[in-house]
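Chain identifiers are assigned alphabetically (A, B, ...) following the order of the sequence lines, protein sequences preceding nucleic acid strands; residue numbering begins at 1 within each chain.
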Protein chains: 2
Amino acid sequence: MVYPGQQPVGYADMAAELREQIRSGELRPGQRLPSERDLAETYGVSRLTASRAVAVLRNEGLIVSVRGYGYCVQTPPEVESVAAGSGDRVSTRPPTPEERAQYAVAAGYGVLVVTHADGLQDIYPGDRYEIVTEADSAHE
Amino acid sequence: MVYPGQQPVGYADMAAELREQIRSGELRPGQRLPSERDLAETYGVSRLTASRAVAVLRNEGLIVSVRGYGYCVQTPPEVESVAAGSGDRVSTRPPTPEERAQYAVAAGYGVLVVTHADGLQDIYPGDRYEIVTEADSAHE
DNA sequence: AGGTATTTGTTCGTATGTATA
DNA sequence: GTATACATACGAACAAATACC
């Protein structure tokens, strides 16, 4: 039973509030977040719960964490464009751990998979690339 | 082979082993996983650690969880194709919680964003859609 | 160079709630 | 109604990385 008027604050609620603060610009890119310990005290929860809340935002790619330092709001990277020819198919999927390490895909982001007519595939990190459809298929 | 008790097994190691079992086909789509309690006992860790391990795979979209039932390997859905015209740009990003609920995007997957020349954007769930580049831009 | 404090990362044990079988 | 199983949460402890002095 949930008591109306008083709010059971869970990690999901904490994540939602912090997410809104980032979306609204109250927390700006590069800005540091309070420590897990401070967040826990502010929201009246345990540190583990606060840790789970920020872990959600990290998995969404909104913030980054550095052990021994803390959390800060992710700064959106520059986007590179890659041309795709007529008939190419573009899809996305979560990266394998190997791909995440190889392409340094940001947390929460998938990879862009471009499948050509011959079946060959090109993989691009989804956080830094976009696919532009071109009339002529010029990919070497 | 599992070697319980030999070396410290963390949730990441557990997730890696289960991931490999899914990738190799040892665990097939639709197949049920052992319960968290059984996994914890098998690997010699606490239930919370086993829970975190399967949570990783769930976030990657490899398995799904049903409260009161358990975990089973995700069956890949049918993929629909959407045409994109010349000059359209295709990118991906993690879904907002609203988009995840609205489009029912599978865990771990992002959304496909098709930006047209006029700046308007179309959003597609990345787990069930692919973008096919066409010579003519015919989107209603 | 070294030492201490801070902060995140991980794990354990335990408890309660909720949904399914 | 009972048993099973996932979801959330707390406290405690230690490790690892960073920052500061």
Side-chain angles (χ1 to χ4, degrees), chain A residues 1-4 6-19 27 30-74 97 100-101 106-108, chain B residues 2-19 27 30-74 97 100-101 106-108:
Chain A
M1 181 61 184
V2 175
Y3 304 97
Q6 103 185 38
Q7 31 188 332
V9 177
Y11 79 95
D13 300 315
M14 279 189 63
E17 289 198 26
L18 293 171
R19 189 186 299 112
L27 290 172
Q31 187 172 345
R32 196 169 165 187
L33 270 67
S35 71
E36 292 182 355
R37 190 169 170 277
D38 289 345
L39 285 173
E41 188 172 344
T42 302
Y43 284 84
V45 298
S46 71
R47 186 178 81 91
L48 183 56
T49 298
S51 184
R52 292 188 67 179
V54 290
V56 170
L57 301 185
R58 186 183 48 196
N59 284 335
E60 293 173 0
L62 271 59
I63 62 179
V64 293
S65 66
V66 179
R67 171 149 50 169
Y69 175 73
Y71 296 84
C72 61
V73 181
Q74 177 70 283
R100 181 174 296 285
Chain B
V2 177
Y3 8 81
Q6 294 239 347
Q7 44 198 19
V9 176
Y11 79 95
D13 300 316
M14 278 190 65
E17 289 200 24
L18 294 171
R19 188 186 300 113
L27 291 171
Q31 186 172 344
R32 195 168 166 188
L33 270 66
S35 69
E36 290 185 352
R37 190 169 173 278
D38 288 345
L39 285 172
E41 188 172 343
T42 302
Y43 285 84
V45 298
S46 74
R47 194 179 75 81
L48 179 58
T49 298
S51 182
R52 294 189 67 179
V54 289
V56 169
L57 301 185
R58 186 182 50 195
N59 284 334
E60 293 174 358
L62 270 57
I63 63 179
V64 293
S65 66
V66 179
R67 176 144 56 171
Y69 174 71
Y71 296 85
C72 61
V73 181
Q74 177 70 283
R100 183 174 294 287

_Looking at B/V56, is its backbone amide N or carbonyl O close enough to the side chain of B/N59 to form a donor-acceptor pair, meaning the two atoms are under 3.5 Å apart?_
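Checking the backbone N and O of B/V56 against the side chain of B/N59, no donor-acceptor pair under 3.5 Å is found.
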*Verify, without hydrogens or angle tests, whether A/R100 (side chain) and A/A106 (backbone) share a donor-acceptor contact under 3.5 angstrom.*
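Checking the backbone N and O of A/A106 against the side chain of A/R100, a donor-acceptor pair under 3.5 Å is found.
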_Can you tell me how far apart CG (A/L57) and CG (A/L18) are? Round to the nearest 0.5 Å._
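Between A/L57 CG and A/L18 CG, I get 5.5 Å after rounding to 0.5 Å.
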*Would you mind reading off the distance between A/E41 atom CD and C/dT7 atom P, rounded to a whole angstrom?*
12 Å
*Could you state the atom-to-atom distance from CG of A/L48 to P of C/dT7 in whole Å?*
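Between P of C/dT7 and CG of A/L48: 18 Å.
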*Only counting residues at least two apart or in another chain, list the ones meeting salt bridge (charged side-chain N to carboxylate O under 4.0 Å, His left out) with A/R47.*
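Once residues adjacent in sequence are excluded, the partners of A/R47 under the salt bridge (charged side-chain N to carboxylate O under 4.0 Å, His left out) criterion are A/E36.
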*Under the side-chain contact (heavy atoms from CB on, under 4.5 Å) rule, collect the residues that match up with A/T42, sequence neighbours excluded.*
none
*Across all strands, who's sitting opposite D/dA19 as a Watson-Crick or G-U wobble pair, both distances under 3.5 Å?*
C/dT4
Taking only nitrogen or oxygen atoms into account, show me every contact under 3.5 Å that the protein makes with nucleotides 3-7 of chain D, one pair per line with its distance.
from, atom 1, to, atom 2, distance (Å)
D/dC6, OP2, B/E36, N, 3.2
D/dA7, OP1, B/R58, NH1, 2.9
D/dA7, OP1, B/S65, OG, 3.1
D/dA7, OP2, B/R58, NH1, 3.1
D/dA7, OP2, B/Y71, OH, 3.2
D/dA7, O4', B/R67, NH1, 3.0
D/dA7, N6, B/R47, NH2, 3.2

